[in-house]
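Just so it is clear, the values below take in all heavy atoms, side chains as well, and ignore hydrogens, waters and symmetry mates. When a ligand or atom number is given, it counts from 1 through the structure's own listing order.
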Amino acid sequence: MRALLLEQQDDQILAQVKDIGSGRLPDGDVTVDVNWSSLNYKDALAITGKGKIIRSFPMIPGIDFAGRVYSSRDPRFKAGQSVVLTGWGVGENHWGGLAEQARVSGDWLIPLPTKLDERKAMILGTAGFTAMLCVMALEEGGVKPADGDILVTGASGGVGSTAIALLATLGYSVTAISGRDNNTGYLKSLGAKEVLPRSDYVETPRPLEKQLWAGAIDTVGDKLLARILAQMNYNGTVAACGLAGGYQLPTTVMPFILRNVRLQGIDSVHTPFPRRQAVWERLASILPESFYQQATQEILLEEVPAAAAALMNNQITGRTLVKIR
Ligand code: NDP
């Protein structure tokens with residue numbers, strides 16, 4: 001089988017497409033013929049070596065995939081069935097989706113919802129799954145479309161793009177923050193009402209600022225997240241899922257104790273099975289058909305290392321779908 005293999009040489013990561021015997025696949029109950037995978041921020045960190053994502057080499061990266069079951073010892077899955085996987089450390093500490101086959105635990109797989117095909121499932125991938133988790137966190141925080149504007153940061157990226165499309169379709173008024181003014185047209189076509197420049201948000205904020213947002217989805221972290229917290233409406237909810245701008249959070253307790261602001265963390269890796277199924281069903285039913293064309297570029301396995309470098313350089317817009325077969 002063909003696979004993108006990561007090897008470590010003198011502290012450098014080598015990423016090359018190689019032919020590997022499928023006998024080398026790790027233990028697992030279900031072997032899947034992978035048809036589609038995708039490129040996420042974490043994949044790019046792993047493939048470029050810019051983040052310490054992978055600790056044991058050689059490793060096949062790819063934190064998500066969609067494909068057909070080739071063989072299964074798990075009674076819940078039958079050969080030929082379409083499945084999707086995100087998270088569980090696949091592509092980090094267990095060989096992942098950037099290969100023609102993957103062998104995993106049946107506990108990690110989701111039967112593909114009937115409204116999705118495998119390609120669409122990977123246009124969404126981990127980023128889309130996480131965007132839906134963030135939107136659900138706002139809903140669970142009681143944020144309703146009538147309450148006011150919702151801010152989405154890292155807007156041109158995979159999570160940001162999907163979050164904008166989901167929120168707009170659900171009737172929320174969305175403001176996007178982007179570092180790329182040439183993406184304004186793209187972000188508005190996804191449903192953003194307004195696009196603010198990221199450069200407006202680089203200063204350390206005051207503990208409390210003018211109340212602007214009923215909800216926020218943040219993929220960036222650091223000072224930008226701190227500023228958003230200071231600008232939340234009374235009772236607002238922020239779903240924080242990312243660190244594209246840094247992992248620190250230089251904030252104060254003021255938004256929490258004086259404005260009743262809720263900061264909800266989002267983890268997509270260990271989401272329990274019933275919530276995973278609910279997330280996929282909702283993604284399949286909310287997103288308009290147009291989203292899948294607007295937000296996608298498709299590449300081949302051989303093109304993944306260059307795309308990973310481009311993603312780290314903030315040169316990719318939307319989602320990058322990887323055609324495996
Ligand atoms: P992308 O690279 O697709 O998007 C990130 C976006 O962030 C970019 O498009 C850019 O948008 C913005 N950005 C990039 N660099 C910076 C910077 N230095 N400062 C501020 N903004 C920046 O990544 P994903 O959408 O796949 O992931 C986004 C984040 O969410 C990542 O940190 C990722 O690790 C995290 N994540 C977390 C998950 C979880 O389970 N918690 C799951 C999935 C992702 P623009 O140019 O428009 O400003």
Side-chain angles (χ1 to χ4, degrees), residues 37-48 50-53 62-64 86-92 122-137 151-166 174-188 190 192 194-202 217-228 238-249 263-272 275-276 279 295-297 307-322:
S37 184
S38 81
L39 188 65
N40 295 279
Y41 193 86
K42 199 185 259 177
D43 296 315
L45 284 174
I47 292 164
T48 59
K50 291 218 160 121
K52 289 259 170 293
I53 303 293
I63 64 169
D64 50 26
T86 65
W88 299 117
V90 171
E92 297 182 60
M122 275 305 109
I123 291 176
L124 299 167
T126 303
F129 182 81
T130 305
M132 190 70 242
L133 284 172
C134 290
V135 172
M136 286 161 71
L151 190 64
V152 176
T153 69
S156 314
V159 177
S161 295
T162 318
I164 292 169
L166 285 168
V174 185
T175 298
I177 291 187
S178 175
R180 290 178 268 178
D181 55 11
N182 54 334
N183 274 348
T184 299
Y186 164 73
L187 297 171
K188 288 195 168 168
L190 289 176
E194 202 183 343
V195 183
L196 302 177
R198 198 201 292 159
S199 54
D200 281 3
Y201 278 76
V202 292
I217 293 179
D218 179 56
T219 68
V220 170
D222 211 331
K223 283 183 195 163
L224 200 153
L225 175 54
R227 185 105 196 258
I228 293 168
V238 181
C241 73
L243 42 56
Y247 65 86
Q248 292 189 328
L249 180 53
L263 176 58
Q264 178 62 56
I266 301 295
D267 166 57
S268 66
V269 176
H270 296 104
T271 308
R275 190 156 172 98
R276 272 177 196 269
V279 166
T296 315
Q297 63 157 328
L311 192 138
M312 284 287 97
N313 288 329
N314 199 20
Q315 290 164 337
I316 289 193
T317 295
R319 292 280 296 145
T320 303
L321 178 68
V322 185

Nearest protein heavy atom with distance in Å, relative to [atom]:
atom: atom 28 (C) of ligand 1; value: T219 CB, 3.8 Å
atom: atom 9 (O) of ligand 1; value: R180 NH2, 2.9 Å
atom: atom 27 (O) of ligand 1; value: Y41 CB, 3.6 Å
atom: atom 47 (O) of ligand 1; value: S156 OG, 2.5 Å
atom: atom 8 (C) of ligand 1; value: N314 OD1, 3.3 Å
atom: atom 4 (O) of ligand 1; value: G157 CA, 3.1 Å

Between A163, A176, C241, flag the one that comes closest to atom 36 (N) of ligand 1 by a heavy atom.
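Among A163, A176, C241, the closest heavy atom to atom 36 (N) of ligand 1 belongs to C241.
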Counting only heavy atoms, tell me which of A127, G179, G87 gets closest to atom 48 (O) of ligand 1.
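The nearest heavy atom belongs to G179.
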For the student: nearest non-hydrogen atoms of I177 and R198, plus distance
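Scanning both residues completely, I find the closest heavy atoms to be CG2-CA, 3.7 Å.
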Where is the tightest heavy-atom contact between A192 and I164, given as atom of each residue plus distance?
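Scanning both residues completely, I find the closest heavy atoms to be N-CG2, 3.6 Å.
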May I ask you to check whether [X] has an N/O atom sitting below 3.5 Å from an N/O atom of ligand 1?
X: L311; answer: no
X: A244; answer: yes
X: G158; answer: yes
X: V159; answer: yes
X: R198; answer: yes
X: T126; answer: no
X: V269; answer: no
X: T130; answer: no
X: G242; answer: no
X: G318; answer: no

Would you say the side chains of S178 and S156 form a donor-acceptor pair under 3.5 Å?
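Yes, because at least one side-chain N or O of S178 sits under 3.5 Å from a partner of the opposite role on S156.
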Measuring from the heavy atoms of K42, does anything fall under 4.0 Å of ligand 1?
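No.
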Compute the minimum heavy-atom distance from V220 to ligand 1 and say whether it is under 4.0 Å.
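Within the 4.0 Å threshold, so yes.
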When you compare the side chain of [Y] with that of [X], does any pair of heavy atoms fall below 4.5 Å?
X: R319; Y: S161; result: no
X: V322; Y: M122; result: no
X: V202; Y: K223; result: no
X: C241; Y: L133; result: no
X: R180; Y: T317; result: yes
X: L263; Y: L249; result: yes

Proximity of I266 to ligand 1 by residue part, where a heavy atom lies under 4.0 Å:
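The answer is the backbone.
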List every atom of ligand 1 that sits less than 4.0 Å from any heavy atom of D267, numbering the atoms from 1 in the order shown and giving each element.
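Here the atoms of ligand 1 in question are 40 (O).
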